[in-house]
Amino acid sequence: MLKDSKIYVAGHRGMVGSAIVRELKRQGYTNIITRTHQELDLINQQAVNDFFAAERPEYVFLAAAKVGGIIANSTALADFMYDNMMLEMNVIHAAWKNGCKKLEFLGSSCIYPRMAPQPMPESCLLTSELEKTNEAYALAKISGLKYCEYLNRQYGTDYISVMPTNLYGPNDNYHPEHSHVLPALIRRFHEAKESGVESVTCWGDGSPFREFLYVDDLANLCVFLMNNYSGSETVNAGTGKELTIKELTELVAETVGYEGEIKWDTSRPNGTPRKLLDVSKATKLGWTYQTELADGIRLAYEDFLSNPLRAER
C-alpha cells in the first residue's frame, strides 16, 4: 500500500477496526475511508454495491462483524449466522466487482475444530466438529475466508484472511451479558470493588486454557500482512502463549485491585478446553507480538475507566 492509497476499513468503530485505523494513521497512511452503520448498512447488498461503485477503494480491511460472548453466541444462533454471512459476502463481492486490489478478511480462532491439535495450525480447518456454543458464528467466518480463497482460485484476486485469537484492549465491549471473558471480568471485578462485594462467582471451574492478544498488536499484524503476504491459506494471529481462565481471573482481579474471594460455578459451561494458535507462520513471515498480557490488561482497564458509556455497552 502506498501512503496515499485509498483504504476502506469496514467496522472502524469496533475494537479491531478502530485499532486498524489507529495503526494506519500511526504508519502515515492518509486516505482512509470509513462509514458508520447509520451511513452504510453492510447487510444491505444494494447499499454496499453503491458505496463500492462510488468510492472504489484500492484496499479493504474487513473488520466488521456481529460479535458476542458465550451467552450471545449460543442463544442468538440465527442472528449471528445471517448477519455475519450477509455483511461479509456483500463486502467481499462488491470489492471484487469494483476492482479492489487487495482485501483482508478478519475471522476468529473459533473457526477451528473443538478438539483440534494444540497449538492449532491453519491446516486443521474443517478437519473435525466445531464447538457447538459458537458454531453459527464459526460457520459464517469459515464461509467468508473460503469465499476469499475461491475468488483467488477462480479470478486471480489477492484476498487474504487473518484468524485472531481472543482479543482485548481499547474500545472493547464491556456489556454484562454480551462481552467476551476478559472485558467481562474487568467490569465485574471493578463493580465488585466499587460496591464492596465480598466474593465474585465465575462460570465453570477455571480449567480451560486461553490465549489473548492485545488488539493494537493485531492491527500491526494486519497492516504488515496487507503489505507482505499473499495466499489463500489464513494466517493465525496470536502470542503462542496461554494461561488458564483461573489464572486470568486472578490477574484481572489483581490489576483492578479487587481483594475479595473468587468462587466458581461448575454448573456453568467451560467452553472449549483449549484454544492455542500455532503462530509459527506469522513468525516466519517476520512478525511477533509486542504487548505482554499483564501490561495489556492494565491498558485495557485504563480504557475501561476512561469510557463513560461502558455501562451501556
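What you see is a predicted model; the values in this text were computed from it and never measured.
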I'd like a table of donor-acceptor pairs (distance under 3.5 Å, sequence neighbours excluded) in which one partner is a side-chain atom from residues 250-257, with atom names and distances.
residue	atom	partner	partner atom	Å
E250	OE2	K246	NZ	2.7
T255	OG1	L251	O	2.8

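- To the nearest 0.5 Å, the span separating CD1 on I92 from CG on L87 amounts to 9.0 Å.
- Contacts classified as salt bridge (Lys or Arg N to Asp or Glu O under 4.0 Å) and involving residues 210-224 (residues at least two apart or in different chains) are given here: R22-D216.
- For N49 and Q45, the side-chain atoms include no donor-acceptor pair closer than 3.5 Å.
- Atom NZ of K3 has more than 12 neighbouring heavy atoms from other residues, nucleotides or ligands inside a 6.0 Å radius.
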Next item on the list: Tell me, with the steps shown, if E242 and K275 meet salt bridge (charged side-chain N to carboxylate O under 4.0 Å, His left out).
Entry: CA-CA 8 Å; E242 61 184 345; K275 284 176 65 177; over 6 Å; no
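- Other residues, nucleotides and ligands contribute over 12 non-hydrogen atoms within 6.0 Å of the CD atom of E39.
- Side-chain polar atoms of K281 and Y229 form a donor-acceptor pair below 3.5 angstrom.
- Aromatic ring centres of Y301 and H190: separated by under 6.0 Å.
- Screening residues 1-25 for ring-ring contact (aromatic ring centres under 6.0 Å, His included), with sequence neighbours left out, gives Y8-F51, Y8-F52.
- Here ring-ring contact (aromatic ring centres under 6.0 Å, His included) pairs that include residues 238-275, with residues two or more places apart or in two chains, are F189-Y258.
- Remark: the backbone N or O of N98 is paired with a side-chain donor or acceptor of R56 at under 3.5 angstrom.
- Taken from CD1 in I186 to CG in L305, the straight-line distance is 9.0 Å, to the nearest 0.5 Å.
- Taking CD from Q118 and CG from L277, the interatomic distance works out to 8.5 Å, rounded to the nearest 0.5 Å.
- Interatomic distance, CD1 of I160 versus OG1 of T234, reported as 9.0 Å (0.5 Å rounding).
- Ion pairing between a basic and an acidic side chain is recognised when a charged N comes within 4.0 Å of a carboxylate O; E55 and K6 show such pairing.
- Salt-bridge formation is not detected for the pair E129/R114: no Lys NZ or Arg NE/NH1/NH2 atom is positioned less than 4.0 Å from an Asp or Glu carboxylate oxygen.
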Next item on the list: Using the side-chain hydrogen bond (donor to acceptor under 3.5 Å, both in side chains) rule, take K241 and Y289 through it: C-alpha gap first, then chi angles, then the decisive distance, then the call.
Entry: CA-CA 11 Å; K241 298 179 179 179; Y289 79 100; 2.7 Å; yes
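- Under a 3.5 Å cut-off, the side chain of Q27 and the backbone N or O of L24 do not form any donor-acceptor pair.
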Next item on the list: For the pair T157 and N152, evaluate side-chain hydrogen bond (donor to acceptor under 3.5 Å, both in side chains) and give the outcome as yes or no after the intermediate values.
Entry: CA-CA 4 Å; T157 53; N152 290 347; 2.6 Å; yes
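- When atom types are taken as modelled, the side chain of S195 and the backbone of E191 share a donor-acceptor pair closer than 3.5 angstrom.
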Next item on the list: Please step through ring pair (Phe, Tyr, Trp, His ring centres under 6.0 Å) for the pair Y214 and Y168, ending with a clear verdict.
Entry: CA-CA 5 Å; Y214 191 62; Y168 70 101; 5.5 Å; yes
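- Once rounded to the nearest 0.5 Å, the distance linking CD of E88 with CE of M85 reads 6.5 Å.
- Atoms CG and CD1, on N220 and I20 in that order, are 11.0 Å from each other to the nearest 0.5 Å.
- Using a 3.5 Å distance cut-off with no hydrogens or angles, the side chains of D303 and N171 do not pair a donor with an acceptor.
- Residues S5 and Y29 fail the side-chain proximity criterion, which asks for heavy atoms closer than 4.5 Å.
- Within the structure, salt bridge (Lys or Arg N to Asp or Glu O under 4.0 Å) pairs that include any residue of residues 151-161 comprise K102-D158, E149-R153 (at least two apart or interchain).
- When atom types are taken as modelled, the side chain of T165 and the backbone of G238 share no donor-acceptor pair closer than 3.5 angstrom.
- Formation of a donor-acceptor pair under 3.5 Å by the K141 side chain with backbone atoms of L106 is found in this model.
- No donor-acceptor distance shorter than 3.5 angstrom exists from the side chain of E135 to the backbone of L130, with no hydrogens or angles considered.
- Side chain of T244 to main chain of S207: no donor-acceptor pair is present (N/O by atom type, distance under 3.5 Å, no hydrogens or angles).
- Side-chain N or O atoms of N166 include none that pairs as donor or acceptor with a backbone N or O of L213 at under 3.5 Å.
- At distances below 3.5 Å, at least one donor-acceptor pair connects side-chain atoms of N228 with backbone N or O atoms of F224.
- Under the ring pair (Phe, Tyr, Trp, His ring centres under 6.0 Å) criterion, H37 pairs with no residue at all, not counting sequence neighbours.
- With hydrogens and angles disregarded, no donor-acceptor distance shorter than 3.5 Å links the side chain of E104 to the backbone of L225.
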